[in-house]
Structures are given as C-alpha cells and as structure tokens.
Amino acid sequence: MKLTIKRVPTVVSNYQEDAGERPRGGCGRNCLGHCCLPVSELPVYAFKANPTKLPLQEDAVPTDFFINLLLGQWEDRMTQGLFRYDVTACETKVIPGNLGFVAQLNEGRHLKKRPTEFRVDRVLQPFDSAKFNFTKVGQEEVLFQFENSGSDDSYFLRSAAVTVADRAPNVVAINVSPIEYGHVLLIPRVLDHLPQRIDQESFLLALHMAAEAASPYFRLGYNSLGAFATINHLHFQAYYLTVPFPVEKAATQRIPLAEGGIKSGVKVSKLMNYPVRGLVFEKGYTLNDLANVVSSACIWLQDNNVPYNVLISDSGRKIFLFPQCYAEKQALGDVSQELLDTQVNPAVWEISGHIVLKRRDDYEEASEASAWRLLAVVSLSEARFEEVKAYIFDAACLVQSQVEEEIDDAIYAPVPVGPSAVGEGCLVIP
C-alpha cells in the first residue's frame, strides 16, 4: 500500500514556489547550480579540523566569531528583505510546567504555499532534479561556504572562488520562512544532488558546525523523509534560541555498555519522563567517534524505513535521536481531529519542545498537558522502541551490559495527562 498525505510544505527559499515553472540551466540568475556556482565567488568559513585543540596562533578566530558572523549575516539578509516575514516579531512564551515547553505564534507561516503530495512510507527516495532542490537557490540567500581548514585553526575569507574540481562545496543559506532568529540551512556538497539521507561525512560536518558555534543556544536539527522533511535534498537546519529546550532538561537513564563494543568513549542514555521516546548520545573521545556511532544508528533507521529526527545540542557534544511515526499514523487516520486541527507537523524542533502554533487560540491555551498530548502521538510504542534500540546498538557496534541502570539528572517529571486517543503501535512498511 502506498501512503500519502496532502501536505503544505514549508517554503525555505524564495526560489521554491516557481521551481517547476522555469528551467534554470544556463539561467544567468546567480544560482547554486552547475550553470552559475563554479564561476562564482562566495565567502568561506573554514572550520577547525580538530575542534578539541586550542588555537595555535595568537590571531586565530575567537570562539564566538562563528556565531557572531552567522547571526550578523542573517540580519543582513533580513535588512535586504529576503525573508517572507519578520520572525522576531512573532509572540513567544515559555509554557508553565516542569519542562518549560516553548510556544511560538506564527499565524502566517503556513499560508500561500502550494499543496503537494509527499510519500510518508519511504524514508529513502531518489533525488529528483525536476522538483525543488537547493541548486535552484539564489546566491543572495547564501551566507558562506563551510569547509574544513585542514588545520587546528579556523579562518574566514570575505570572498573566494568556488572550487568544484575536487569536491562540491558545502554552503550555509538562510531559511526564508524562519522558525526562530538565525534560522539557517547547512547543505553538504550542494552540487552533488544528495538525497535526504545521513552518512558519516555529512553528520560529522553538522557536528563541526555546532562545535564552531560554541554556544548552548545554537542547535542543529535533521528531519528524515517520513518525519517531516519537506525537501529531498540533503540538509540540516539550525537556529539560535536563548532558552533551554525541554528535551535538554528531561531526565535520562544511562544504558551501561559492555566491553565488547567499539572503543569510542560515547555514552548512551534513553529519555525518561518525556512524551517522545528517544536515545541520547554524548561525549566520545573525538567528534569523529561521536559522528561514527550516531550516523551508524541513523543509517540503520533509514535503510530499514524508520522515520527519525535528530537534535544536535551542547555545541555538538550531545545528540538526541528520535525514531517516530506521526506522519504514518496521520496517513492511516490514527491521529485525532483535535491534533490535526492544530496544523502542527511535529518535526525535530517540535519534538525537542519548541512548538510553532498557527492559531492564536492554540497559543493562548497552550499548556504542558496539551504539548504532551501532541508529542506523545509521535512516539514509538515502548515495545517497538526497544526493538529498534536493539537494532541500532547492533548497527553502531554497541553492546548493552546487564549492569543495573541508574537514572541520571532525574529532576523533572511530566504533569499527569490522560491516555493518548490513539494506539501506541507504529506500522513501518519495509
């Protein structure tokens, strides 16, 4: 059975809505495609090859340079009028409760979009150049290239020729329909037409971006197809929000690891007392170790058709992984009309506790209990989650020990809410 739902996609670029209407080959519009990018110049931010080492030179880039650069460039694009609305004018509040869910009222974000049908029963789908992709974005939406410096120092060039002979460039561009201040897209190897699927290289690139930002308020997120990714061209999202995400405050339970696994230094926990079941990966001897373990988990999920979301937190030192099945339940008619009426598509930001609401009544009546009810529908059942966790551990060469588990950071507990209106099971079609 082919499952589809009529969706209203988020428009992330000013070139998206007319993507299927005008050819762009040899377009002369200064885009990110093969016709324009190889003969262009763009700013370059070169990140440290080893972010755990201190700068070697006295004039090395300060630790706050990257985040100040990114936010400054983002504000410059706002001044140019490139955004579809002023997200800084949107009302935002922290909902009273133990976890502090963040609600934003954005009444116009879902308007004036072209209805589209997306398959939700296939996490991996081939890249389709006929549909909108990031090579069709205009270069005015790009902040800079994001490349490895090859050394222990970072540096920034205000303008440099784009080199495509050895490998396609990574670019950071604005999201023209931002969820929050500084909302950008990290697009690995933009000219290579990579579909929305994580591999070790792309995930490590995202961790480097988080490490360069060096701010607890700058997080990166990833949505797979089937988990509310709206564009099948590999990208991560990121933005700056100066409050803790609820998932960052949730209690966790450490999963003890036996000696038989790989020696990565990565610690693994599972979320406790949180509406969406998920795993937490942190530490690791190097950033590469953490990227290897988490990307292996992601690869298993996508190869086995399990939709998922990822939050990169704590400057790249902590990763939250959420297998989910909301879109599939929605397609099967297993989501209550009350939740559907909110028009909230629970992707990585919503699951992490930052919920964008489209209707004022929902915003004014938002509570921890209503946020909990919405997100609980996203989660796999406990039995399915444990089954998926076992497969993930095997894929990442992690061996769970039989040692008694302990609760870490058990400070917060949810408010009591009634049982979910739908079953906890999740149909995943292989």
Looking at every heavy atom in both [X] and [Y], which two are closest together, and how far apart are they?
X: Cys36; Y: Asn30; answer: SG-N, 3.6 Å
X: Leu398; Y: Phe281; answer: CD1-CE2, 4.3 Å
X: Lys48; Y: Ser149; answer: CA-OG, 3.9 Å
X: Val243; Y: Tyr217; answer: N-CD2, 4.1 Å
X: Tyr274; Y: Leu271; answer: CD2-CD1, 4.1 Å

For [X], what residues pass the side chain to side chain donor-acceptor pair (under 3.5 Å) criterion, not counting sequence neighbours?
X: Arg317; result: Asp314
X: Gln145; result: none
X: Glu248; result: Arg219, Ser313
X: Asn232; result: none

Who pairs with [X] by salt bridge (Lys or Arg N to Asp or Glu O under 4.0 Å), at least two apart in sequence or on another chain?
X: Asp341; answer: none
X: Arg359; answer: Asp362
X: Glu364; answer: Arg360
X: Asp199; answer: none

* To do: Please assess Leu357 against Asn106 for the test side chain to side chain contact (heavy atoms under 4.5 Å, CB included), listing each intermediate value before the final yes or no.
  => CA-CA 6 Å; Leu357 298 170; Asn106 195 329; over 6 Å; no

* Tyr181 atom OH: more than 12 heavy-atom contacts under 6.0 Å ->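 Count over threshold, so yes.
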
* Greater than 12 external heavy atoms within 6.0 Å of Glu140's CD ->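 Buried by this count: over 12 neighbours within 6.0 Å.
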
[X]: partners by side-chain contact (heavy atoms from CB on, under 4.5 Å), with sequence neighbours left out:
X: Lys267; result: Arg254, Glu282, Lys283
X: Asn68; result: Asp64
X: Ser129; result: Phe127

* Asked: Is there a donor-acceptor pair under 3.5 Å between the side chain of Lys329 and the backbone N or O of Val377?
  ->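 It does hold such a pair.
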
* **Polar side-chain atom of Gln196 near backbone of Ala229 as donor-acceptor pair, under 3.5 Å** =>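 Looks like no, no N/O pair under 3.5 Å.
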
* Can you sort out the partners of Phe83 under ring-ring contact (aromatic ring centres under 6.0 Å, His included), two or more places apart, ordered by chain and number? =>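 For Phe83, the residues satisfying ring-ring contact (aromatic ring centres under 6.0 Å, His included) (neighbours in sequence not counted) are Trp74.
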
For [X] and [Y], does a side-chain donor sit closer than 3.5 Å to a side-chain acceptor?
X: Asp86; Y: Thr88; answer: yes
X: Ser13; Y: Glu141; answer: yes
X: Glu365; Y: Ser370; answer: no
X: Tyr45; Y: Glu147; answer: no
X: Asn50; Y: Asp152; answer: no
X: Asn133; Y: Thr135; answer: yes

With rounding to the nearest 0.5 angstrom, report the [atom1] to [atom2] distance, [X] to [Y].
X: Leu380; Y: Cys325; atom1: CG; atom2: SG; value: 5.0 Å
X: Arg373; Y: Glu368; atom1: CZ; atom2: CD; value: 11.5 Å
X: Ile231; Y: Leu185; atom1: CD1; atom2: CG; value: 7.5 Å

With heavy-atom distances below 4.5 Å as the criterion, would you say the side chains of [X] and [Y] are in contact?
X: Tyr326; Y: Pro307; value: no
X: Trp300; Y: Asp394; value: no
X: Ser40; Y: Gln139; value: yes
X: Phe320; Y: Ile312; value: no
X: Ile174; Y: Leu82; value: yes
X: Gln237; Y: Val184; value: no
X: Gln324; Y: Ile351; value: yes
X: Phe144; Y: Leu69; value: yes

* **ring pair (Phe, Tyr, Trp, His ring centres under 6.0 Å) evaluation trace for Tyr222 with Tyr308** => CA-CA 8 Å; Tyr222 176 88; Tyr308 67 96; 5.7 Å; yes

* May I have the step-by-step check of side chain to side chain contact (heavy atoms under 4.5 Å, CB included) for Leu241 and Phe218, ending in yes or no? => CA-CA 7 Å; Leu241 182 66; Phe218 186 79; over 6 Å; no

* Among Phe101, Tyr239, Tyr240, whose ring-ring contact (aromatic ring centres under 6.0 Å, His included) with His354 holds? ->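 Passing option: Tyr239.
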
* side chain to side chain contact (heavy atoms under 4.5 Å, CB included) between Leu191 and His34, worked out -> CA-CA 7 Å; Leu191 288 174; His34 284 282; 3.9 Å; yes

* Parallel, tilted or perpendicular: ring planes of Phe134 versus His233, cut at 30 and 60 degrees ->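 Plane angle between 30° and 60°, so tilted.
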
* **Cationic tip of Lys249 above Phe245 ring, under 6.0 Å, 45° of axis** =>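 Output no; distance or angle outside limits.
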
* Tell me, with the steps shown, if Val310 and Phe322 meet side chain to side chain contact (heavy atoms under 4.5 Å, CB included). => CA-CA 6 Å; Val310 179; Phe322 306 98; over 6 Å; no

* Would you sort out whether Phe47 and Tyr155 count as a ring pair (Phe, Tyr, Trp, His ring centres under 6.0 Å), showing the intermediate values? => CA-CA 7 Å; Phe47 58 84; Tyr155 63 85; over 10 Å; no

